[in-house]
Enquirer: 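Can you keep this structure in mind? I'll have questions shortly.
No hydrogens, no waters, no symmetry mates; every other heavy atom, side chains included, goes into these values. The structure presented is a predicted model; accordingly, all values stated were derived computationally and were not measured.
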Amino acid sequence: MATAASSSSLPSLPPPSPKSPPDLYGKRRDTARLHMLDREITFLEVELKNVEALQPASACCKEVADFVVANSDPLLPS
């Protein structure tokens, strides 16, 4: 009787889950994702190089301001 009481206090295991069907396209799908990520990395590296090559905006603004001050507008009366 003591063994029957102790065996009923043990937690029961959940029912086994059914096996999922094998993923026949998993390797191709993973390879495609990998290629997509490689292309995105390459694109971002190129963009980063382009951004690093740009001059700071303040330098461009200074050049424009200097040009506008040096060359007066011919349509404005002096």
Enquirer: If you round to the nearest 0.5 Å, how far is CD of E45 from CG of L48?
Expert: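 Reported to 0.5 Å precision, the distance equals 8.0 Å.
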Enquirer: Look up atom CZ in R39 and atom CG in L44, then write down how far apart they are to the nearest 0.5 Å.
Expert: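 One gets 13.0 Å once the value is rounded to the nearest 0.5 Å.
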Enquirer: Do the side chains of D30 and R33 get close enough for a salt bridge, i.e. N-O under 4.0 angstrom?
Expert: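 Salt bridge: yes.
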